[in-house]
*Asks:* 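Can you read through this structure? Questions will come right after.
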Amino acid sequence: MMQYILKRVLWMGPLLVGISLISFLIMHLAPGDITTTEASFNPKTSQESIQKLRKLYHLDEPVIVQYGYWLKRMVKLDFGNSFASHQRPVFWQTKDAQGNITKGMIQQAMPITLMINVLSMALIFSVALPLGVISALTHHRASDRAITIFVFIGFAMPGFWLALMLMYWLGVLHNLLPISGLHSLDAERMGLIAWTLDAGKHLLIPVFISALGGLAGISLFVKNGMLDVLHQDYITTARAKGLPENTVIYRHALRNAWLPLITLLGLSIPGLIGGSVIAESLFAIPGMGKLFYDAVLMRDFPVIMGILTIGSALTLVGNLLADIAYAWADPRVRRGVAG
Amino acid sequence: MRPFYFLLLFVLAACSKPAPSTQLQLDSVYPPQSGGVLVDAMTAEPSGLIPMIAAESASSAIASHIFNSLLRYDKNLELEGDLAKSWDISKDQKTITFHLKPDLKWADGKPLTSADALFTWQLVTDEKTRTPYASDFKLVIKAEAPDPLTFRVNYAQPYAPALDSWSGLQIMPEHLLKGQDINTTAFARNPVGSNYYRLAQWKNGESLVLSANPLATQGVPRIDKLVTRIIPDPAAQFLELMADNIDVMNLDPIQYSRIVPARPELKQRIALYKELGNGYTYLGFNLKHAPFDDKRVRQAINYAIDKQELIDGVLLGLGEPIASPYKPGTRWVNPQLKPYAYDPAKARQLLKEAGFVDHDSDGILVKNGKPLAFEILLNQNKERITSAVLIQRRLKEIGIKVTIRQMEWASFLGRIKSSDFDVVILGWSLSLDPDQFSIWHSSQNHPGQFNFINYNNPKVDKLLEQGRLELNPDKRMKIYHEFSRLLLDDSPIVYLFEGYGLPAIHKRIRGIDNPAPPAGIGWNSQDWYIPEPLRRKEISP
């Protein structure tokens with residue numbers, strides 16, 4: 001088992017290099033660079049200043065050479081600085097000679113996106129699990145159909161439209177919830193409880209919107225898993241033993257039905273740091289989605305590469321974790337891997 | 001079945017009637033008073049607050065509250081002193097001497113002197129400084145600060161846009177920036193200036209708070225705090241305005257003339273203003289490509305386009321036709337010039353003179369066997385796309401076949417900069433100085449430069465050169481009036497329209513000039529005030 005994990009970890013290195021090379025090349029396929037943004041179309045900018053900038057960032061050199069520079073920095077885990085005029089560090093904070101700390105761009109955006117995604121994930125699982133179980137138990141009956149229709153409406157509903165409607169309904173008409181932003185303007189002067197409550201109110205609609213679309217997938221997974229398991233012989237055996245129905249369902253059936261979810265959880269790890277551009281723009285949340293989108297529009301290559309690298313590393317780690325967890329949870333898999 | 005109840009509840013509640021409006025006496029008259037908080041919103045966060053480095057509108061919008069320049073524009077867009085009390089121009093027009101106002105102070109209490117102006121000039125012209133705006137200042141061959149109140153610059157030859165350039169260069173504090181790397185300094189997020197406000201707080205990606213600067217060089221402003229929230233989505237901004245969470249936002253024509261008037265509750269709280277925008281939209285010809293090298297063809301197209309139709313259809317009437325590339329209401333506009341009238345008959349006649357005839361009656365004009373057809377290139381901009389469609393129809397009526405191609409900005413710019421297009425719809429923003437050398441002079445048509453339409457008129461070249469050498473505003477005005485006349489006659493571009501800026505401001509904000517002067521309503525924002533009874537309760541400073 002340990003050998004298997006070690007092998008997988010060692011493979012990650014070359015895989016990451018390959019992924020980053022492909023990302024780098026594709027990124028450069030898009031026309032333009034930092035000097036061709038809409039803002040740069042200004043008769044006051046001189047041609048020399050553009051050339052100066054391109055030279056400074058090595059944009060005048062072949063793509064593969066530029067990749068070399070990037071890789072050289074990356075092996076030292078240096079994500080570099082943004083091409084934008086503020087030139088902030090892409091990943092983590094730096095300190096200048098005077099002791100002023102400049103925070104990293106990903107460092108600031110990641111916790112916000114992570115919090116929203118973890119909350120919405122928790123909401124998805126806590127709602128989708130019971131929905132899936134109820135659906136399976138009442139298969140082909142009214143409540144199963146109702147749940148299926150509901151989760152599919154949630155899946156099919158355009159998130160931005162529903163978000164705007166909720167913002168209008170709860171924020172403007174009834175004045176119950178804040179419309180956008182993460183904190184109220186006077187949040188600094190609140191106590192801890194009031195502050196948390198305030199942040200919670202701001203997050204309510206964004207988390208709800210981001211969870212709604214995910215309900216369908218998870219609840220159907222649980223439902224199908226449950227249905228499969230319920231027809232197994234050991235369930236019949238358990239019932240024949242005279243076990244109470246609750247024990248049969250929640251102890252014997254549900255545990256087995258959860259197995260596929262482990263894979264799903266592992267695969268959703270990289271998704272945790274990916275934000276939605278549309279939701280973040282609507283709710284004025286400075287998260288990862290907006291950061292990435294703006295970086296793409298500006299052709300801010302270090303930021304794009306930074307986010308892609310972290311994303312692909314997390315995908316690989318998530319896959320590995322899912323496999324390990326699966327082996328840990330299911331003896332059949334464990335035996336297969338060891339053998 | 002629970003989900004159904006939830007949905008039903010949602011639909012029912014969404015139809016319920018709006019919350020009652022505030023009970024404020026919004027139409028009473030109040031005398032000016034100090035205090036209060038103004039909340040506005042912008043779509044993008046500034047990347048830093050040193051405008052010469054950030055070089056973007058979000059940054060200068062905030063930085064203009066924090067820093068002063070030597071000169072500034074008054075409400076009629078004429079230059080006046082800002083940090084400078086007055087300025088002299090030498091007889092040979094090569095030397096400008098600025099006399100600073102006495103006892104100027106930075107917000108940290110240190111004196112602001114001509115040494116700071118000299119330092120700022122050195123900063124902007126330094127090779128290591130990554131600013132796109134250095135070229136104007138590199139023309140200065142000698143700058144000196146002979147005493148704390150005098151700052152003098154010498155040019156090799158008279159340079160008329162110099163005064164405008166000094167109104168755009170915000171003076172930075174030497175005592176805080178000396179020895180620092182201006183490109184990466186922490187000062188950009190923690191600036192110390194000399195203007196009405198200073199930065200009190202910057203929450204990354206969320207908001208910037210400015211508070212009144214008690215040492216302000218131009219007097220203390222009436223409103224205590226300016227809060228700028230960063231809300232990227234205009235629809236969300238509008239909802240915030242409706243919920244009374246922000247006081248100011250710029251509307252689009254639909255919000256301005258349809259949505260707000262249709263909601264009495266909103267109309268009662270929000271005052272709508274109209275100010276001249278700072279740019280115009282045009283249809284530009286590539287003059288190197290046939291048939292656009294023929295003036296008659298360009299003029300014919302100009303006559304065939306109904307500008308009023310564009311203004312009504314694209315901007316819902318909220319714009320103006322223009323006849324010279326300057327902001328209406330300023331001295332640079334030649335009052336004798338009128339836009340080309342909509343006159344399809346004249347257009348047909350001009351095309352006929354140019355040799356275009358419809359031989360086979362298929363509705364398309366032909367010359368030398370080649371049909372009169374071209375492609376309009378544009379980027380993904382809703383106003384420009386709608387304009388292109390309207391223009392396509394009008395040109396079809398006189399026998400020109402037009403196709404429209406929209407492109408993503410970076411690819412679009414690639415085609416523009418290499419002059420790889422027939423006709424383009426684009427916009428120019430209007431600078432306050434009349435010099436437009438880089439746009440129209442025939443020497444500026446190399447790849448990457450801004451005369452990408454390849455306009456070439458020796459008379460215009462001469463005028464543009466003269467205009468740069470003449471610092472006397474009245475003599476300069478004559479030069480640019482003549483320049484505008486030639487430009488309009490040559491018709492290298494068709495001026496389509498200039499849209500209005502459409503700010504909506506809560507009625508609690510008083511002291512706003514209506515109608516707006518040429519400089520826009522923001523010119524006297526330091527005198528705006530919020531009467532005590534109308535202030536927001538929850539965010540009192």
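Quantities reported herein were computed from a predicted structural model and do not represent experimental measurements. Order of the sequence lines sets the chain letters (A, B, ...), proteins ahead of strands, with each chain counted from 1.
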*Asks:* What part of B/Gln444 lies closer than 4.5 angstrom to a heavy atom of chain A: side chain, backbone, both or neither?
*Replies:* neither
*Asks:* Contact part of B/Ile50 toward chain A, heavy-atom cut-off under 4.5 Å: side chain, backbone, both or neither?
*Replies:* neither
*Asks:* Which answer fits B/Ser135, side chain, backbone, both or neither, if we ask what part of it has an atom under 4.5 Å from a heavy atom of chain A?
*Replies:* side chain
*Asks:* Check for me whether the distance between the ring centres of B/Tyr455 and B/His441 falls short of 6.0 Å.
*Replies:*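 No - the distance between ring centres of B/Tyr455 and B/His441 does not fall below the 6.0 Å cut-off.
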*Asks:* Please determine, among B/Ala243, B/Ser411, B/Ser47, B/Ala44, the option with the most heavy-atom pairs under 4.5 Å with chain A.
*Replies:*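 Most pairs with chain A among the choices: B/Ser47.
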*Asks:* Side chain, backbone, both or neither: which part of B/Ile439 has a non-hydrogen atom closer than 4.5 Å to chain A?
*Replies:* side chain
*Asks:* Hey, are the side chains of B/Asn183 and A/Gln87 touching, using non-hydrogen atoms and a 4.5 Å cut-off?
*Replies:*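 Yes, side chains in contact.
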*Asks:* Can you tell which of A/Ile179, A/Leu164, A/Leu282 has the highest number of heavy-atom pairs within less than 4.5 Å of chain B?
*Replies:* A/Ile179
*Asks:* Relative to chain B, which segment of A/Lys290 carries a heavy atom at a distance below 4.5 Å: side chain, backbone, both, or neither?
*Replies:* side chain
*Asks:* Does any backbone or side-chain atom of B/Gln436 lie under 4.5 Å from a heavy atom of chain A? Answer side chain, backbone, both or neither.
*Replies:* neither
*Asks:* Going by atom types only, do A/Ser281 and B/Asp233 share a side-chain donor-acceptor pair under 3.5 Å?
*Replies:*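 There is no such pair between these side chains.
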*Asks:* Just checking, is any N or O donor in the side chain of B/Gln380 or B/Glu408 under 3.5 Å from an acceptor N or O on the other one?
*Replies:*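 B/Glu408 and B/Gln380 do not have a side-chain donor-acceptor pair below 3.5 Å.
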*Asks:* Show the nearest heavy-atom pair for residues A/Thr138 and A/Ser143, with the distance to one decimal.
*Replies:*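 Looking at all heavy atoms of both residues, the shortest contact is OG1-OG, 3.0 Å.
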*Asks:* Counting only heavy atoms closer than 4.5 Å, note whether B/Ser438 contacts chain A via side chain, backbone, both or neither.
*Replies:*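 It is the side chain, since no backbone atom gets that close.
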*Asks:* Using non-hydrogen atoms only, which part of A/Ser82 is less than 4.5 Å away from chain B: side chain, backbone, both, or neither?
*Replies:* neither
*Asks:* Side chain, backbone, both or neither: which part of B/Ser165 has a heavy atom under 4.5 Å from chain A?
*Replies:* neither
*Asks:* Less than 4.5 Å to any heavy atom of chain A: does that hold for the side chain of B/Ala54, its backbone, both, or neither?
*Replies:* both
*Asks:* Is there side-chain contact between A/Ile116 and A/Phe283, with heavy atoms separated by less than 4.5 Å?
*Replies:*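 No; the side chains remain at least 4.5 Å from each other.
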*Asks:* Could you check whether B/Arg468 makes a cation-pi contact with B/Phe437, meaning its NZ or CZ is under 6.0 Å from the centre of the six-membered ring and within 45° of the ring axis?
*Replies:* yes
*Asks:* Just give me the residue among A/Asp294, A/Asp33, A/Leu56, A/Thr102 that pairs up with chain B most often, heavy atom to heavy atom, under 4.5 Å.
*Replies:* A/Leu56
*Asks:* Among side-chain atoms of B/Asn278 and B/Ser429, is any donor-acceptor pair under 3.5 angstrom?
*Replies:*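 Short answer, no.
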*Asks:* Does either side chain, that of B/Thr43 or that of B/Gln237, offer a donor lying less than 3.5 Å from an acceptor on the other one?
*Replies:* no
*Asks:* Identify which part of B/Gln180 has an atom lying under 4.5 Å from any heavy atom of chain A, answering side chain, backbone, both or neither.
*Replies:*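 Answer is side chain: those atoms of B/Gln180 sit under 4.5 Å from chain A.
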*Asks:* Among the options B/Gln449, B/Glu45, B/Met242, pick out the one with the most heavy-atom pairs lying under 4.5 Å from chain A.
*Replies:* B/Met242
*Asks:* Would you tell me whether A/Arg88 and A/Asn81 have side-chain atoms, one donor and one acceptor, within less than 3.5 Å of each other?
*Replies:* no
*Asks:* Please state whether the side chain, the backbone, both or neither of B/Phe452 comes within less than 4.5 Å of a heavy atom of chain A.
*Replies:* side chain
